[in-house]
2 protein chains.
Amino acid sequence: MTIWDLPTSGFKAFCHVARLVHEKSDVVPMIAEVFREFGYEGASLGRITERTGLGKGSLYHFFPGGKVEMAREILAHVDHWFVENVFRPLERDAPREAIEGMWAATADYFHSGRRICLVGAFALDETREPFASEIRIYFARWIKALRGAMARGGVDAREARLLAEAAVGGIQGALVLARAMNDPKLFTRRLVHMADEIDRALSAAKSPR
Amino acid sequence: MTIWDLPTSGFKAFCHVARLVHEKSDVVPMIAEVFREFGYEGASLGRITERTGLGKGSLYHFFPGGKVEMAREILAHVDHWFVENVFRPLERDAPREAIEGMWAATADYFHSGRRICLVGAFALDETREPFASEIRIYFARWIKALRGAMARGGVDAREARLLAEAAVGGIQGALVLARAMNDPKLFTRRLVHMADEIDRALSAAKSPR
DNA sequence: TCATTAGTGTACTGCTTGGTACAATACAAA
DNA sequence: TTTGTATTGTACCAAGCAGTACACTAATGA
């Protein structure tokens, strides 16, 4: 069997340069990047068209609900990534390894501080109120999953909450600072610092005095 | 001497309800609030007019440079507040008292997490690039002032830097989280937690083993 | 009182916005 | 090759956008 025997979708996935027609799945990340860079109001259909190469015809074919639906699907897409790569491991795996994995995934996802958090950016202004529920759920689950992992690792419940809020909030703040000062190293430094703090709490719990 | 003997500006300041004419100084904070709530792109002249009661005539009389000038003056206004109430005390006063004052001023300014940081919000998206320099200076000075205060308090230089970045970033992150989860208590809790950490470092420095 | 300045309201510009309609094309399967 | 569907380009719409022009009124100081 050669590549030519694959079903069309397989062929298209193989040599996607030749494709004349897009699929929704590969257009969502592109649109996500526009929202990330310009915010909800700033992400005009013009900019989205420019970035994706898709005209309004295609855009409204994929997202009949227009801009609001695009934003909603993109948030869901981001949420799904974090559920698979961060939240579920934290909820399921061994605490130390899961938390270690969280730091790695986070550093990777945010391009070491060069890329901002779309959900965090959306949280900040009023015009994105339609997505308030999705935004709340995202952060709540992150904090809860991290808290849970620490608790399973023997950390006191109250301290686990404080540290989880510090970590999730700290990541958001580090993204703001790294971007404001144009200094990705600040982001990395903060991540290491926070990882150390949680590590210390876990170690103290495992060998109580 | 009665209120009637005051110069007109004094009278206007006294019974400002009766004023038919605005002054730039009392319109800047109103516009700031619109930018804070809707972001740069979302803060349309229509919304600004609605909020301030000022028509385009007045708006362009005060800010001939239009929206960009408004944003610039508002950033300067915010920066000035922080210089007076946070940065200068940190740079000048006794470390413990100055840092204590910073937490109080911060909690107050951000309405215990119900109000976001305009500079932080501006930092996040691309359309505000014209203000990149002001934004960088604001955060850099805050971190440097806090670092300096801790160093004066005897904290090791490296630790002072980590803690200062943690605090300033932590405030930004706490604002994102508090707003995302609609939970001002989270903001207060984070502030207390961060204050404790710095307190501990200062205490450890004052009584070295 | 009167001239000057500071502040205001309104009507207008040209452009961009999000959104719609629909005919034309690309594609997959039979 | 034909047929039905998925995708796309284009022209169009009303509303809103930032910004301009200018006549107007309010406040000030002489």
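Naming convention: chains lettered A, B, ... in sequence-line order (proteins, then strands); numbering from 1 in each chain.
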B:H22 side-chain N/O to C:dT8 phosphate OP1/OP2 under 4.0 Å:
yes
Distance flag, aromatic centroids of A:F131 and A:Y138, threshold under 6.0 Å:
no
Distance-only criterion, 3.5 Å: show the donor-acceptor pairs between side-chain atoms of residues 61-71 of chain B and protein atoms not counting sequence neighbours.
unit_1, atom_1, unit_2, atom_2, d
B:K67, NZ, B:Y40, O, 2.9
B:K67, NZ, B:A43, O, 3.2
B:E69, OE1, B:G65, N, 2.5

Result block: side-chain N/O donor-acceptor pairs under 3.5 angstrom for residues 144-153 of chain B, not counting sequence neighbours:
unit_1, atom_1, unit_2, atom_2, d
B:R152, NH1, B:L90, O, 3.1
B:R152, NH2, B:L90, O, 3.1
B:R152, NH2, B:D93, O, 2.5

Nearest-Å distance, [atom1] ([X]) to [atom2] ([N])?
X	N	atom1	atom2	result
B:E50	D:dA18	CD	P	13 Å
A:I48	C:dG18	CD1	P	7 Å
A:F38	C:dG18	CZ	P	13 Å
A:K24	D:dT8	NZ	P	13 Å
B:L45	D:dT20	CG	C1'	12 Å

Pairing residues for A:R72 by the salt bridge (Lys or Arg N to Asp or Glu O under 4.0 Å) criterion, not counting sequence neighbours
A:E134
End axis versus end axis in the helix from C:dT1-D:dA30 to C:dA30-D:dT1, the angle rounded to 10°, five pairs used at each terminus
20°
Ion pair [X]/[Y], N-O distance below 4.0 Å:
X	Y	answer
A:R179	B:E126	yes
A:R136	A:E129	no
B:R51	B:E33	no

Run the side-chain donor-acceptor check on residues 95-109 of chain A: report pairs under 3.5 Å with partners two or more places apart or on a different chain.
unit_1, atom_1, unit_2, atom_2, d
A:R96, NH2, A:S203, OG, 3.2
A:T106, OG1, A:M102, O, 2.7
A:Y109, OH, A:R36, NH2, 3.3

In numerical order, the residues of residues 54-73 of chain B whose heavy atoms come under 4.0 Å of DNA chain D are B:K56, B:Y60, B:G66, B:K67
